[in-house]
Amino acid sequence: MGEVKKIRTVCRSCHGGCGVIAHVKDGKVIKVEGDPESPISHGTMCSKGLAITQLAYHPDRVLYPMKKSDNGWERISWDEALDTLAEKFKQVTKENGAESIVVGQGTGRDYESHLYRFANLLGTPNVLTAGHMCYVSRVGATLITCGNLPVCDYEGEPKCIVMWACNPQWTNPDEYKGEGFWRAYIKGSKLIVIDPRKGFLAKKADLWLQLRPGTDAALAMGFFNVIVEEDLYDREFVDNYVNGWDAFVRRVREYPLEQVEEITWVKQDLIRKAARMYATTKPACINWGVPTEQTLNCTDCTRILTGLMAATGNLDAPGGNVFFVPPPTRTVSEFARHKDLPPEQRAKRLGGDQYKLASRVALITPKVAWDAILTGKPYPLKAGLLCGTNPVTTRANAKEAYDALKKLEFLAVIDFFLTPTAELADIFLPAGTWLEQNHVADNWKRHGYVLARQKAVEIGECWQDHKVFLELGKRMGQDWWDTVEDALDYILEPSGLTWEEFKGKGYLKGDQVYYKYREKGFSTPTGKVELHSTILEKWGYDPLPKYTEMPESPISRPDLLDRYPYILNAGLRTPTFFHSANRMIPWLREIRPDPIVEIHPETAKKHGIKEGQWVYIESPRGRVKQRAKLNDGIDPRVIVAEHGWWFPEIKDPGHGWDISNINILTDNSHESMDPVMGATNLRVLLCNILPCEDEQEGTRWERFL
Amino acid sequence: MGKVSLVFFKEDCIGCHACEVACKQEHELDVGPRFIKVLERAPLYIPIYCHHCAKPPCKDACPVEAISRNEQGIVLIDEDLCIGCKACAEACPFGAMQFDDDKEVAVKCDLCIERLKNNEQPACSKACPTRCIHWGDMKKISKEIEGSLLQG
Ligand code: SF4
Ligand code: SF4
Ligand code: SF4
């Protein structure tokens with residue numbers, strides 16, 4: 001029996017960042033613990049990260065490449081798998097052009113630099129990611145408004161924190177973990193919480209604004225109205241650093257508080273109080289979450305919130321929303337060689353003319369990919385390579401996603417398990433978990449750190465994703481390195497460190513400088529914060545942000561209310577799962593055995609629904625079932641359902657992808673999407689609920705134990 | 001070392017379940033026994049856990065004296081003596097006593113006794129992102145909780 005070796009690394013069971021000490025014995029990770037030295041997580045970890053050994057050593061995990069044959073899945077060698085891919089991609093490039101290959105990812109496992117390098121060098125502009133409605137949409141909208149993504153400066157000790165549609169202590173935080181927020185909060189910061197659902201933070205908050213889902217942009221305009229009317233803005237900043245202030249103020253005046261109350265359901269005096277608290281407590285920061293992006297107000301809502309940060313003088317101010325200075329390493333964008341995608345290929349980006357901001361940030365909204373596959377217009381997609389993504393559960397209008405991927409002539413998937421998406425593939429490539437990865441982690445984030453994620457073990461024939469792109473790229477004649485670690489040396493070169501040296505250091509932090517705009521202005525065409533956007537104007541959109549009512553809401557479709565009287569919030573995230581991941585992990589599934597839909601007790605009573613009962617949720621597009629949980633902390637007119645559900649314990653290839661998958665109910669019509677970014681709407685739809693009569697009591701999962 | 005105890009300051013519990021998984025990992029527990037279980041009644045989260053009672057009802061209920069309380073105040077169960085009658089589970093006022101269906105014995109929180117020996121904090125407490133799981137002697141715990149009340 002060997003000794004226990006402790007390896008310092010970094011988690012990636014969500015967007016990652018928490019420091020980990022992995023305990024390795026006889027070549028196996030037997031335990032993981034939080035790393036007290038981590039500047040991000042200070043020794044804490046969440047349930048997902050702590051359960052990594054049950055994922056890594058799961059009996060269903062696929063540990064070698066496979067191809068689909070007439071007899072089902074069949075084991076093959078890496079050589080055969082990569083040769084097949086390279087040959088297919090070369091053939092498609094020759095016959096149809098590289099744009100006929102779609103490359104896609106989900107939340108990423110820190111491989112986005114490598115995936116994009118592969119796509120760019122291949123010459124395809126069609127990269128399909130979650131970014132159209134999650135995070136990248138926020139990055140894109142802030143790039144054109146103020147030149148960079150402003151992030152809460154928790155270490156700078158904000159005195160007021162606005163938690164805008166975000167629960168970073170529960171799930172998926174992008175830059176910081178909830179731990180950073182909590183440290184700042186308990187130092188005595190005020191807290192304003194904007195959330196349709198009463199959770200832990202609403203309980204703690206000084207002010208809780210329970211808005212109608214999807215109306216964040218209108219609420220933000222309400223804040224602005226108070227700030228303008230009561231002269232609470234930073235006049236010096238506005239005079240010197242805002243483009244189009246007067247025009248913007250005229251737009252703000254179109255949102256008097258009475259009207260904002262009507263749209264958002266939040267009482268006027270509460271909006272007024274919150275706006276005053278935010279504008280007069282210095283410094284103050286806004287921590288925003290994805291629901292602000294998952295409606296057709298995606299870009300505008302982000303722009304108004306950025307405007308709030310700017311007008312109150314909190315932009316790039318200590319304790320406000322700041323532009324973190326990255327450590328001196330090569331950026332994802334440089335590594336990915338975005339500049340080398342030929343202009344004629346860029347011009348072929350699907351939906352590029354329509355969704356110009358999505359195109360600017362080098363991605364496509366899924367709808368245009370499904371359209372291209374299903375209708376052949378404007379040209380057909382012929383082949384796909386999807387990495388760590390499960391679009392048949394996580395993208396709007398899941399049925400369309402399923403049909404499209406099924407129809408695609410050739411599909412390869414890189415993942416841990418045979419997910420419902422992977423089952424549609426021709427070739428399966430086994431990915432390494434974060435325990436099996438060497439990487440300069442977090443280098444895509446804008447929080448000022450890079451972290452050393454070092455390999456603790458190798459398992460089966462799994463490869464870290466980076467190696468897959470590198471080896472496949474080389475087979476395609478692309479310019480790559482000999483090894484993954486050589487590429488890491490290249491990323492680290494500006495810091496003067498090699499990968500071997502960086503591993504010993506654990507992390508690098510950029511030297512933070514505040515108020516950079518005073519020297520250099522903002523990186524926008526006018527050098528100012530563009531509340532009147534010259535870029536949007538040039539592209540032919542409304543240069544000023546506004547609130548637009550969702551096309552399927554009680555207000556725009558009163559005719560549907562008879563049949564579908566409730567607002568569906570289709571995307572409750574839970575702390576144990578990361579989107580569609582982790583449903584096969586016993587420790588986590590024991591905590592959350594079933595998909596949960598939250599219903600107000602009054603609503604439940606009306607339909608004769610009891611706590612824990614299985615219910616159908618119906619929208620004009622379909623019907624799924626989840627288990628009811630009564631919650632009086634939501635509005636009786638709203639229903640909140642979990643997303644990402646499939647059932648790994650169901651062994652047929654669909655794995656129950658359409659039983660509880662809330663995206664069967666969501667919509668991805670062009671009218672429902674953000675006109676600039678192509679963000680799909682996952683937050684406001686109309687639905688109905690009714691009890692399932694036939695469903696036996698007990699959890700679905702227990703029946704498979 | 002004086003008497004040690006475990007106290008969850010539930011006001012600060014966010015219901016993230018990190019403690020539960022940390023405990024499972026530390027004790028190599030399978031699906032089934034849960035030494036901590038956090039109930040979700042948003043906005044309240046209610047941790048169910050062993051209080052290591054001074055006069056443990058579980059201990060009194062055990063017909064074969066399989067349960068003892070050591071000099072540190074940790075309530076322990078001797079799995080070899082346990083006959084699996086579940087009287088302890090019935091008696092526990094907190095619902096903390098668990099049962100291992102495979103071994104057919106009662107199992108419970110041991111306050112991470114092995115970690116304490118190495119001067120490491122209990123696994124649940126280490127993982128908790130709001131630091132609401134306090135352990136140690138009552139003086140240390142009350143001081144920490146007083147601090148939380150002042151901040152909250
Ligand atoms: S919060 Fe994310 S990075 Fe941290 S332990 Fe959990 S999964 Fe890992
Ligand atoms: S003290 Fe240890 S055994 Fe007890 S609940 Fe916490 S982690 Fe589990
Ligand atoms: S780790 Fe802490 S906050 Fe999370 S559920 Fe456990 S006690 Fe509550």
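Protein chains get the first letters and strands the later ones, always in sequence-line order, with residue 1 at the start of each.
Each of B:Cys13, B:Cys128, B:Ala42, B:Ala127 has some count of heavy-atom pairs under 4.5 Å with chain A, and the biggest count is that of B:Ala127. Between chain B and the options A:Lys48, A:Lys203, A:Glu598, A:Arg197, heavy-atom pairs under 4.5 Å are most frequent for A:Lys203.
Contact of A:Thr171 with chain B is not made at all, since no heavy-atom distance falls under 4.5 Å. With a 4.5 angstrom heavy-atom cutoff, A:Leu201 does not touch chain B via any of its atoms. Heavy-atom distances place no part of B:Glu28 under 4.5 Å from chain A, backbone and side chain included. Proximity to chain B is limited to the side chain of A:Lys629, based on heavy atoms less than 4.5 angstrom apart. Neither the backbone nor the side chain of A:Ala202 has a heavy atom closer than 4.5 Å to any heavy atom of chain B.
Among all heavy-atom pairs drawn from B:Gly15 and A:Pro575, the shortest one is O-CG, 3.8 Å. Minimum heavy-atom separation, A:Phe200 to B:Glu11: CE1-O, 3.4 Å. Taking every heavy atom of both residues into account, B:Val31 and A:Pro586 meet most closely at CG2-CB, 3.5 Å.
Note that SG of B:Cys16 and CG of A:Asn167 are 10.5 Å apart. Values are rounded to the nearest 0.5 Å. Here A:Thr574 contributes atom OG1 and B:Glu40 contributes atom CD; the two are 8.5 Å apart, rounded to the nearest 0.5 Å.
Here the side chains of B:Arg34 and A:Ile591 are in contact, with some heavy-atom distance below 4.5 Å. Under the 4.5 Å side-chain criterion, counting only non-hydrogen atoms from C-beta, A:Trp182 is not in contact with B:Ile14. Side-chain contact between A:Trp587 and B:Gln25 is present, with at least one heavy-atom pair separated by less than 4.5 Å. Taking 4.5 Å as the limit, every side-chain heavy atom of B:Glu20 sits out of range of all side-chain heavy atoms of A:Glu590.
Under a cut-off of 6.0 angstrom, the local environment of CD in B:Glu120 is crowded, with over 12 non-hydrogen atoms contributed by other residues, nucleotides or ligands. By the 6.0 Å contact criterion, NZ on B:Lys140 is enclosed, its count of non-hydrogen atoms from other residues, nucleotides or ligands being greater than 12. Applying the 6.0 Å contact sphere to NZ of B:Lys37 captures no more than 12 heavy atoms from other residues, nucleotides or ligands.
Residue B:Thr130 forms a side chain to side chain contact (heavy atoms under 4.5 Å, CB included) with just one option from A:Arg183, A:Glu179, A:Gln169, and that option is A:Gln169.
Not a single donor-acceptor pair under 3.5 Å links the side chain of B:Lys126 to the backbone N or O of A:Thr44.
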